[in-house]
Enquirer: 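If you scroll down you'll find the structure; I have some questions about it.
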Amino acid sequence: MPGIDECLLEAMALPGARGASLVDWTSGLALGTAGDSPVGCHETTAAETAELARSAAEFDTFGARGESAGNDGLAGAADDDGPGGGPHVEDLIVTTRAGYHVLRFVETSFDSSVFLHLWLDRDTGNLALARIRLRDLAERLVLG
Amino acid sequence: MSAVATPVSPMLVRLAAEKATGALLRDHGTLYLVDGRIVHAESPAAPGVDVLLTTGGRLPREGWDEAVDRAGAHRAVGRFLVDSGRLHDGELEICHLGAVFDAAFFALSPTSGPTRFRYGVGHWFGTVRPVSAEAVERETARRRELLDAVWPYAAVDTAPVVPRPAAPGQTVGARRRALLAAADGKRTPAELARLLGRPAFHTLLDVRRLAAAGLVATPLDPAPDPAPPPPLPVLPVADPDIALLRRLRDALEAHL
């Protein structure tokens, strides 16, 4: 597969999909978008979801298994990150009254910080299916 | 968030409108356009795709060099990296887009220098995923605001990064911990970006976040302007490609 657009189109083919994007969580940049944004602006959604993803990626609580590394006394967890420095968190799910949001981290073998964001309609979306497919898409995006 | 109120570069807006193809040369970098859309950007301040891909070991340096040798003349290095099985489409797009927005941020930084456009000039990397000039303008403006929203002291962008001891119990994420570990008190954010194989803007942003958290020192003085280069005398030269000359000078100085 697939480049970014094909990947987002596949995500949009899931039942109940309303919007999808590939976002850089350090900068908040949307590298690609498809469908709608809940606030009518993909760039705003990207900046906001990036903050959420960054918190999850960097909080120790969601890091490795409690080991901490010293750097001037800095506590920290995830020292056995992948080659791309990817977070230990796999995905985030936010449930709202009207929808679901699934954020899936993409692991690359060069330094990057990107995730896929899929917005689903609460009534027609299938969260379990979406989560599995998004994991699959995130892998194929970089592994072919 | 529609149109940018004050365009970052009025010339870029005009070139996009006329669907121009060529290279926009500015003091701090170059944007390459095809039919008014941005297909590539480079800046001495931002690590190129080669640095991003080879530093972490994703691509051996020889693999990159061979791709440039074999496909550079056809302006299709990016395509060649994928077609020869060295990279996957998604990886190429993620890495290249990141590099383009990164270089564009610096290329479009405020400058008093001249801006020139060379019609028809292309880049050997080739087209991967063109982005609209408007999107690049908007993102560049957003990035400037973001830096100042995080920690409004631009002095940390260019000064050597000096780590400060953490408060008891203070934590920091893995990416920024790696940045702190590489900060030896001499390296600037741009040097750290190159060393770690990360986009330069991401490094600036992380340094500002660290400074805001008190984990990196913020220079008191706005770094006593490193003897601001005397305003270049505007000489009546036949073909004063001053932007190019200044970029050459910057590149040479970067290797001093």
Enquirer: Side chain from CB out, backbone as N, CA, C, O: work out which of these in A:V114 comes under 4.5 Å of a heavy atom of chain B, or both, or neither.
Expert: side chain
Enquirer: More than 12 foreign heavy atoms under 6.0 Å from CD of B:E66: is that the case here?
Expert: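 Counting neighbours around CD of B:E66, more than 12 heavy atoms of other residues, nucleotides or ligands fall under 6.0 Å, so yes.
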Enquirer: For atom CZ of B:R61, is the number of surrounding heavy atoms from other residues, nucleotides or ligands below 6.0 Å larger than 12?
Expert: yes
Enquirer: Closest approach of B:R129 and A:G32, non-hydrogen atoms and distance?
Expert: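 In terms of heavy atoms, the two residues are closest at NH2-CA, 4.2 Å.
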Enquirer: Flag yes if more than 12 heavy atoms outside B:R144 fall under 6.0 Å of its CZ atom; otherwise flag no.
Expert: yes
Enquirer: Considering all heavy atoms of both residues, which atom of A:S27 and which atom of B:R143 are nearest to each other, and what is their separation?
Expert: OG-NH2, 3.5 Å
Enquirer: Find the one option among A:T26, A:L143, A:D5 whose heavy-atom pairs under 4.5 Å with chain B are most numerous.
Expert: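 Option with the greatest count: A:T26.
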Enquirer: Are A:E43 and B:R138 ion-paired here, with the side-chain N under 4.0 Å from a carboxylate O?
Expert: yes
Enquirer: State whether the side chain of B:E93 and the backbone N or O of A:G3 hold a donor-acceptor pair below 3.5 Å, judged by distance alone.
Expert: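 Side chain of B:E93 to backbone of A:G3: no pair is present.
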Enquirer: Examine the side chains of B:H202 and A:D24 and answer whether a donor and an acceptor come within less than 3.5 Å of each other.
Expert: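 On atom types as modelled, these side chains qualify, holding a pair under 3.5 Å.
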Enquirer: Do the side chain of B:R176 and the main chain of A:E58 share a donor and acceptor less than 3.5 angstrom apart?
Expert: no
Enquirer: What's the shortest heavy-atom distance between A:F110 and B:L52, and which atoms?
Expert: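 Closest approach of A:F110 to B:L52, heavy atoms only: CB-O, 3.7 Å.
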Enquirer: Kindly indicate whether the side chain of B:I94, heavy atoms from C-beta on, has any atom under 4.5 Å from the side chain of A:L141.
Expert: yes
Enquirer: Tell me, do B:R175 and A:R54 make a side-chain contact under 4.5 Å, heavy atoms counted?
Expert: no
Enquirer: Can you tell me how far the OG atom of A:S113 sits from the CZ atom of B:R198, to the nearest 0.5 Å?
Expert: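 Result: 8.5 Å between the selected atoms.
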Enquirer: Should B:H88 and A:V142 count as side-chain neighbours, where that means a heavy-atom distance under 4.5 Å?
Expert: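 No, every pair of side-chain atoms sits at 4.5 Å or beyond.
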Enquirer: Counting heavy-atom pairs closer than 4.5 Å to chain A, which one of B:A178, B:G98, B:C95 comes out on top?
Expert: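 So the answer, after comparing B:A178, B:G98, B:C95, is B:C95.
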Enquirer: Please examine the side chains of B:L97 and A:I4, heavy atoms only from C-beta on, and report whether any two atoms are closer than 4.5 Å.
Expert: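 Sidechains of B:L97 and A:I4: in contact.
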Enquirer: I'd like to know whether B:R58 forms a salt bridge (charged side-chain N to carboxylate O under 4.0 Å, His left out) with A:D111, so could you lay out the CA-CA distance, the side-chain angles of the two residues, the decisive distance to 0.1 Å, and finally the verdict.
Expert: CA-CA 9 Å; B:R58 174 61 189 92; A:D111 190 285; over 6 Å; no
